[in-house]
Amino acid sequence: DIQMTQSPPSLSASLGDKVTITCQASQNINKYIAWYQQKPGKAPRLLIRYTSTLESGTPSRFSGSGSGRDYSFSISNVESEDIASYYCLQYDNLPYTFGAGTKLELK
Amino acid sequence: EVQLVESGGGLVQPGRSLKLSCLASGFTFSNYGMNWIRQAPGKGLEWVASISSSSSYIYYADTVKGRFTISRDNAKNTLYLQMTSLRSEDTALYYCARRIIRGPFDYWGQGVMVTVSS
């Protein structure tokens, strides 16, 4: 199984900051990584697929990059509506596996 | 508008069974692979099972293999998860989610809670 090591587990940011979350896969996942946002009591929302492709409706302040085993997700100019948990997902190989999540809080 | 609505959750004793349903609307259900993903209270996300559009390919996480069965009825636009021999560690919010071939889970239901406890 592919392990996804996501860091940091939590992040404290001020409005307007840039924050970055990383996911390292235990093997090459060929850019098949997605990023989700989850707010309390809600289902996860797909923000980015295939490393860097923004979903329709995803604000341009969100971005993704990476290759091989190492990937990152960034939010530039954090807004209050971005306060949530974020998860990476590898969908290159079964079983599909998620990172443990990053909780973004306001400083 | 794509909608996925889960039902069938509840409180069940260890060792008993429960069947979840997910009613899909707003898209051509028979064209998409479907999945169950769960989230234990306060924890992260765990993929549980996957079924292809025509039910030809079915996969399970090792944690549920042999106990859970995923199925679908394309005529009824409904996805199912039959859960047997339930354990306390199966307690979670269960989401159904759509997936295209070689794509991530793009639409999710609101989730249905399953609590396994005596």
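This one's a predicted model, so the numbers in the text were calculated from it and none came from an experiment.
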- For B:Tyr107, does the OH atom sit with more than 12 other heavy atoms under 6.0 Å from it, leaving out its own atoms? no
- Between CG on residue B:Asp106 and OG on residue A:Ser56, distance to nearest 0.5 Å: 11.5 Å
- Message: Does A:Arg61 have more than 12 heavy atoms from other residues, nucleotides or ligands lying within 6.0 Å of its CZ?
- Response: yes
- In terms of heavy-atom proximity below 4.5 Å to chain B, should A:Tyr50 be classed as side chain, backbone, both, or neither? neither
- Task: With a 4.5 Å cut-off on heavy-atom pairs, point out which of B:Pro104, B:Ser50, B:Gly44, B:Gly103 contacts chain A the most.
- Result: B:Pro104
- Examine whether an atom of B:Phe105 lies under 4.5 Å from a heavy atom of chain A, and if so say whether it belongs to the side chain, the backbone or both; otherwise answer neither. both
- Determine the minimum heavy-atom distance between B:Gly109 and A:Ala43, stating which atoms define it. O-CB, 3.1 Å
- Tell me whether B:Leu20 is reachable from B:Ile58 by hopping between hydrophobic residues (I, L, V, M, F, W, Y) whose side-chain heavy atoms are closer than 4.5 Å. yes
- Task: Answer with yes or no whether the hydrophobic clustering places B:Tyr60 together with B:Leu79; edges join I, L, V, M, F, W, Y residues whose side-chain heavy atoms lie under 4.5 Å apart.
- Result: yes
- Item | Contacting moiety of B:Arg99, where chain A heavy atoms sit under 4.5 Å | side chain
- Query: Would a hydrophobic clustering, with Ile, Leu, Val, Met, Phe, Trp and Tyr connected at side-chain separations under 4.5 Å, put B:Leu86 with B:Ile70?
  - Reply: yes
- Given a strict heavy-atom distance threshold of 4.5 Å, which part of B:Ile37 is in contact with chain A: side chain, backbone, both, or neither? side chain
- Message: For residues 87-103 of chain A, give me every residue with a non-hydrogen atom less than 4.5 Å from any non-hydrogen atom of chain B.
- Response: A:Tyr87, A:Leu89, A:Tyr91, A:Asp92, A:Leu94, A:Pro95, A:Tyr96, A:Phe98
- Hphob cluster co-occupancy, B:Met83 + B:Val12, side-chain heavy atoms under 4.5 angstrom: yes
- Examine A:Ile2 and A:Tyr36 and state if one hydrophobic cluster contains both, with Ile, Leu, Val, Met, Phe, Trp and Tyr joined whenever side-chain heavy atoms are less than 4.5 Å apart. no
- Message: If you define the side chain from C-beta out and look only at heavy atoms, does anything of A:Tyr32 sit under 4.5 Å from B:Arg102?
- Response: yes
- Query: Crowded around A:Lys18 NZ? As in, over 12 foreign heavy atoms under 6.0 Å?
  - Reply: no
- Do the non-hydrogen side-chain atoms of A:Gln38 and B:Gln39 ever get within less than 4.5 Å of each other? yes
